[in-house]
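Okay, so here's the structure we're looking at.
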Amino acid sequence: MHHSIIPVNEPLLDGNEKKYLVECIDTGWVSSDGPFVLRLEQEMARKMERKFGVAVCNGSAALDVAVTVLGLGAGDEVILPTFTIISCAAAIVRTGATPVVVDSDPVTWNMDVNQVSAKITPRTKAIMVVHIYGLPVDMDPILSLAEKHGLKIIEDAAEMIGQTYKGRPCGSLGDIGTLSFYPNKHMTTGEGGMVLTNDAELAEKCRSLRNLCFQKKRFVHEKLGWNFRMSNLQAALGVAQLERLDEFVRRKRDMGKRYTGLLQDVPGLRLPLPATDYAENVYWVYGVVLKDEVPFDAEQAMQRLAERGVGTRPFFWPMHEQPVFKRMGLFKGIECPVAERIARRGFYLPSGLALTNAQIESAADQVGRLLKSTAC
Ligand SMILES: *Cc1c(COP(=O)(O)O)cnc(C)c1O
């Protein structure tokens, strides 16, 4: 890696990670049959105020398990934001169910909760809520719609580990919550994820789906599952990271506030909202959106920032504009103007936990120069 580049995402691994990994090696527990897996499941579930946690090999797998365990399939519709990662829609499509997308709120970039009820039909079975970038979705209106229409809630809290909604942990608000422990998330296991629930029967089914649906009579199967197991090595990292989650979340908030302080007078930029009345922004990533008067789009901005040594990433590309789904005949005639716009005008700045304040200042300085140089 070039040293003058400010990396877009680098995790912090300087707690008990090494010690616990050595413990795995010394004891020989390296597969999923190890004590750290159980410990991570229990400690994470406690932290998230859920009864059960089922560790899996990544956050996308957690979503596959969640939609499958709820029995979703052909003929069912599942409502989700168009502005999200493909894992969400892919999990729905793979069950045979139909994804129904909702446009974004222009200020929080989350699913516009006011547009959800118009999407409910007699076929709707579930709503997949995804908390995007730093502010949680306003859950109360969604939960009351779900109750009224008998819908299940899948809550993807991959980007919101340690965030709360009205004081309750994100990931604990639906029937099933999912987490990711990819290295750019608030805590990492290298690759990893988790399914959270309060329902003992669902949890047991998730465990079975994760483990090829093995039964009592070994190698005889009534159902198809996956090998989505998490290894003890991964869980060892996770246990060490979880010890520091509160500190990591505080640091994320501090980084976000620093960026806002440095960028608030830069012309042409829409910055993340610091808070709503139900949560303080956790700035999983520090996203910015170029206002209409800026004469270039996110792709060019990212290119120019790369030339100045600042790593960035584009915003999500909407699900209804994905070639793979269009070829399947999905989302015909769907328009989501807000998501389409932020996908083209938005990108995020270096946001990893290993980032120093000097790097934040230098990245913000380069962003300021870029926008001022174009004299919008
Ligand atoms: C990262 C992420 C995922 C996928 O997690 P992986 O562990 O990378 O598979 C799912 N949903 C959201 C919202 C994410 O940000």
Side-chain angles (χ1 to χ4, degrees), residues 8-9 11 40 44 48 53-68 78-94 99 101-102 104-105 108-111 126-137 139 153-163 165 169-171 173-174 176-196 209-210 226-231 234-235 237-238 241 248-249 252 272 281-287 313-319 322 339 342-343 346-348 351-353:
V8 71
N9 256 305
L40 182 63
M44 202 72 212
M48 297 289 127
V54 180
V56 291
C57 56
N58 58 62
S60 306
L63 286 163
D64 278 312
V65 168
V67 294
T68 304
V78 181
I79 294 170
L80 80 162
T82 195
F83 187 72
T84 184
I85 190 166
I86 194 144
S87 314
C88 301
I92 295 165
V93 168
R94 285 196 190 104
V101 292
V102 176
S104 312
D105 178 298
T108 65
W109 309 323
N110 276 317
M111 175 167 75
I127 303 172
M128 183 183 279
V129 174
V130 189
H131 306 297
I132 304 285
Y133 294 168
L135 285 167
V137 174
M139 289 300 289
I153 299 286
I154 301 154
E155 188 195 4
D156 182 350
E159 303 177 3
M160 223 66 31
I161 306 176
Q163 173 63 296
Y165 171 79
C170 290
L173 303 157
I176 292 201
T178 64
L179 306 176
S180 163
F181 306 128
Y182 189 70
N184 66 358
K185 305 292 156 74
H186 288 167
M187 52 173 277
T188 187
T189 59
E191 297 283 351
M194 194 171 285
V195 182
L196 298 162
L209 284 169
R210 158 184 79 173
W226 300 272
N227 176 357
F228 281 169
R229 298 183 300 256
M230 176 187 277
S231 78
Q234 292 166 314
L237 274 189
Q241 291 266 294
F248 288 166
V249 165
K252 281 281 184 176
N281 204 321
V282 74
Y283 305 100
W284 168 60
V285 293
Y286 195 89
R313 284 280 184 284
F315 269 21
F316 291 128
W317 197 252
M319 293 304 106
Q322 295 291 341
I342 62 177
F347 61 97
Y348 66 84
S351 300
L353 281 159

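Note that the structure is predicted; figures quoted are calculated from it, not measured. Just follow the structure's listing: the first ligand is 1, and inside any ligand the first atom is 1.
Checked against the 6.0 Å centroid criterion, the rings of Y348 and F316 do not qualify as a close aromatic pair. For F83 and F315, the ring centers sit closer than 6.0 Å to each other.
At least one N/O-N/O distance between S180 and ligand 1 falls below 3.5 Å.
When C88, A158, G59 are ranked by how near their heavy atoms come to atom 7 (O) of ligand 1, first place goes to G59. Around atom 10 (C) of ligand 1, the closest heavy atom drawn from T188, D156, T84 belongs to D156.
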Q241/H186 under side-chain hydrogen bond (donor to acceptor under 3.5 Å, both in side chains): CA gap, chis, key distance, verdict: CA-CA 9 Å; Q241 291 266 294; H186 288 167; over 6 Å; no
Taking distance alone, no hydrogens or angles, what donor-acceptor pairs closer than 3.5 Å link side-chain atoms of residues 84-94 to residues at least two apart or in another chain?
{"unit_1": "S87", "atom_1": "OG", "unit_2": "S60", "atom_2": "OG", "d": "2.8"}

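The OG1 atom of T178 lies 10.5 Å from the CG atom of D64; values are rounded to the nearest 0.5 Å. Within the model, atoms OG1 of T108 and NE2 of H131 stand 11.5 Å from one another, a figure rounded to the nearest 0.5 Å.
For atom 15 (O) of ligand 1, the closest non-hydrogen atom on the protein side is E159 OE2, 2.6 Å. Closest to atom 9 (O) of ligand 1, if we only count protein heavy atoms, is S60 OG, 2.6 Å.
Each of the atoms 7 (O), 9 (O) of ligand 1 lies under 4.0 Å from some heavy atom of N58.
Heavy atoms of V130 found under 4.0 angstrom from ligand 1 belong exclusively to the side chain. When heavy-atom distances to ligand 1 are checked against a 4.0 Å cut-off, K185 comes that close only through its side chain, counted from C-beta outward.
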